[in-house]
Protein chains: 2
Amino acid sequence: MLTSRARSPAAGKALEQPDLRNIGVEQVLRALGEPVRLRIVRALACAEHPMSCGAFELGVSKSTSTHHFRVLRESGIISQYEEGTARYSELRTTELDERFPGLLRAILDAE
Amino acid sequence: MLTSRARSPAAGKALEQPDLRNIGVEQVLRALGEPVRLRIVRALACAEHPMSCGAFELGVSKSTSTHHFRVLRESGIISQYEEGTARYSELRTTELDERFPGLLRAILDAE
DNA sequence: TTCGTAGTACGACAAACGTCGTACAAGCCT
DNA sequence: AGGCTTGTACGACGTTTGTCGTACTACGAA
């Protein structure tokens, strides 16, 4: 399921991520229909650079945080790469918009 | 939570439905991130007239069907009104688009 | 080398969710 | 009236999901 590799803008080892062609819109909606994950995505959308997992104020434990980042990555919403002990995340904005035109924009604009 | 009444285009008693101002985008995403419910919404989007619950080929039992229609109604996505023994559903397209501009369109266009 | 930092993996647990069957209510038709 | 149709209500069930703690790995800094 996880096939290709994420591009790693600042070097570092990219984590496996799914091809967006294999992701259905239901999976994306399900992933984003969770408060913590939506907060992560909103934060990433505002950020200009990839963010390390620890840079978020999520109010959940480390393991829960890890869980949500994995769900987002496996749903094709974010890409991640490791650098040192940190794991950086960024939105797959372009690919997402190509696969589901207007969807991310509409969700981020909501509220 | 369920306050106002749905308009009933063809007469019939409208069921209570939430004010869209009280609905968050997460709730909508969660509701639509389920295959059966997304099928219902897609069918309603194609239909020109409200559809009775029995008009759908959902492949689930009657009680499961009832459950999904309620989730959609309580999430502000559909409105329902009763007429005789039937319960008709329609998308709250206009309100939804006002509350979450572009969201419904993007989801329906996906795939 | 030793310590601290960043994050994962695994197992546990409770709550939410999707599913169903049965029993029931209300309206239509003969 | 009686039966059929359409759909609900309720309770049960198994699964998924979100949460945590503990133990662990890997890297960087003192």
Side-chain angles (χ1 to χ4, degrees), chain A residues 1-2 6 8 10-17 24 26-41 44 50-75 77-90, chain B residues 1-2 6 8 10-17 24 26-41 44 50-75 77-90:
Chain A
M1 185 59 82
L2 301 176
S8 10
K13 188 168 45 185
L15 276 71
E16 282 195 338
Q17 63 184 25
E26 297 158 18
Q27 193 175 344
V28 172
L29 298 180
R30 211 178 188 88
L32 296 180
E34 206 283 332
V36 176
R37 290 194 290 260
L38 190 52
R39 276 213 304 284
I40 294 175
V41 168
L44 287 175
M51 293 173 69
S52 82
C53 298
F56 298 82
E57 289 291 347
L58 299 175
V60 295
S61 74
K62 279 199 303 177
S63 19
T64 300
S65 174
T66 295
H67 163 69
H68 287 306
F69 279 100
R70 179 170 44 226
V71 171
L72 286 173
R73 180 165 44 86
E74 293 182 346
S75 302
I77 296 168
I78 66 173
S79 63
Q80 297 185 291
Y81 64 93
E82 294 176 330
E83 207 164 270
T85 66
R87 177 171 289 198
Y88 291 91
S89 305
E90 62 183 329
Chain B
M1 185 60 80
L2 299 176
S8 8
K13 187 168 44 185
L15 275 73
E16 281 194 340
Q17 64 183 28
E26 297 157 20
Q27 193 175 344
V28 172
L29 298 180
R30 201 179 267 272
L32 296 180
E34 207 281 333
V36 175
R37 290 195 290 261
L38 190 52
R39 275 214 305 283
I40 293 174
V41 169
L44 288 174
M51 292 173 69
S52 82
C53 298
F56 297 81
E57 289 291 346
L58 298 176
V60 294
S61 73
K62 279 198 305 175
S63 17
T64 300
S65 175
T66 295
H67 164 68
H68 287 306
F69 278 100
R70 178 171 42 225
V71 171
L72 286 174
R73 180 165 46 85
E74 293 181 347
S75 302
I77 297 169
I78 65 172
S79 64
Q80 297 185 292
Y81 63 93
E82 293 176 331
E83 208 164 270
T85 64
R87 178 172 287 200
Y88 290 91
S89 305
E90 62 183 327

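Protein chains get the first letters and strands the later ones, always in sequence-line order, with residue 1 at the start of each.
Listed by residue number, B:Val60, B:Ser61, B:Ser63, B:Thr64 are the residues of residues 51-64 of chain B with a heavy-atom contact under 4.0 Å to DNA chain C.
We find that CZ of B:Phe69 is positioned 16 Å from C1' of C:dT19, with the value rounded to whole Å. One can place NE2 of B:His68 at 16 Å from C1' of D:dA9, the figure rounded to the nearest angstrom. One can place CD of B:Glu16 at 16 Å from C1' of D:dT8, the figure rounded to the nearest angstrom. If you measure from atom CD of A:Glu34 to atom C1' of D:dT19, you get 10 Å, rounded to the nearest angstrom. Atoms CD (B:Glu82) and P (C:dG27) sit 9 Å apart, rounded to a whole Å. Look at CG on A:Leu72: it is 12 Å from P on C:dT8, rounded to the nearest Å. Atoms CD (A:Glu26) and C1' (D:dT16) sit 16 Å apart, rounded to a whole Å. Between the CZ atom of A:Arg73 and the P atom of C:dG7 there is a distance of 13 Å, rounded to whole Å.
Considering every non-hydrogen atom in both A:Glu82 and A:Leu15, the closest pair reads CG-CD1, 3.6 Å. Considering every non-hydrogen atom in both B:Val60 and B:Ser65, the closest pair reads CG2-N, 4.0 Å.
Residue A:Tyr88 is the one, among A:Tyr88 and A:Arg30, whose nearest nucleotide of DNA chain C lies closer to the 5' end (criterion: closest heavy atom).
Phosphate contact (OP1/OP2 of D:dG18, side-chain N/O of A:Arg37, threshold under 4.0 Å): present. In this structure, B:Arg70 does not reach the D:dT8 phosphate: none of its side-chain N or O atoms is under 4.0 Å from OP1 or OP2.
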Inset, instruction - Step by step, work out the side chain to side chain contact (heavy atoms under 4.5 Å, CB included) result for A:Ser79 and A:Glu90. - result: CA-CA 6 Å; A:Ser79 63; A:Glu90 62 183 329; 3.4 Å; yes
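With A:Leu72 as the fixed residue, the side-chain contact (heavy atoms from CB on, under 4.5 Å) test singles out one of A:Leu32, A:Val28, A:Leu44: A:Leu32. Tested against A:Phe69 for a side-chain contact (heavy atoms from CB on, under 4.5 Å), the candidates A:Glu74, A:Gln80, A:Arg87 yield a single pass: A:Gln80.
Every side-chain contact (heavy atoms from CB on, under 4.5 Å) that A:Glu34 has, sequence neighbours left out, goes to A:Val36, A:Arg37, A:His68, B:Arg30. Residues passing the side-chain contact (heavy atoms from CB on, under 4.5 Å) test with A:Ser63, sequence neighbours excluded: A:Ser61. For the side-chain contact (heavy atoms from CB on, under 4.5 Å) test, residues two or more places apart in sequence or in another chain that qualify with B:Ser75 are B:Gln27, B:Ala31, B:Val71, B:Ile77.
For the atom pair OG1 of A:Thr64 and CG of A:Leu58, the computed distance is 10.0 Å after rounding to the nearest 0.5 Å. Taken from NZ in B:Lys13 to OH in B:Tyr81, the straight-line distance is 14.5 Å, to the nearest 0.5 Å. B:Arg39 CZ to B:Phe56 CZ: the interatomic distance, rounded to the nearest 0.5 Å, is 11.0 Å.
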Check the interface with nucleotides 12-15 of chain C: list each N/O to N/O pair with the protein under 3.5 Å, or write none.
none

Taking only nitrogen or oxygen atoms into account, show me every contact under 3.5 Å that the protein makes with nucleotides 28-30 of chain D, one pair per line with its distance.
none

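Residue contacts for B:His67: at a heavy-atom cut-off of 4.0 Å it reaches a base atom on one of the strands shown.
Candidate nucleotides D:dG18, D:dG7, C:dG18 were compared by shortest atom distance to the side chain of B:Ala86, and D:dG7 ranks first.
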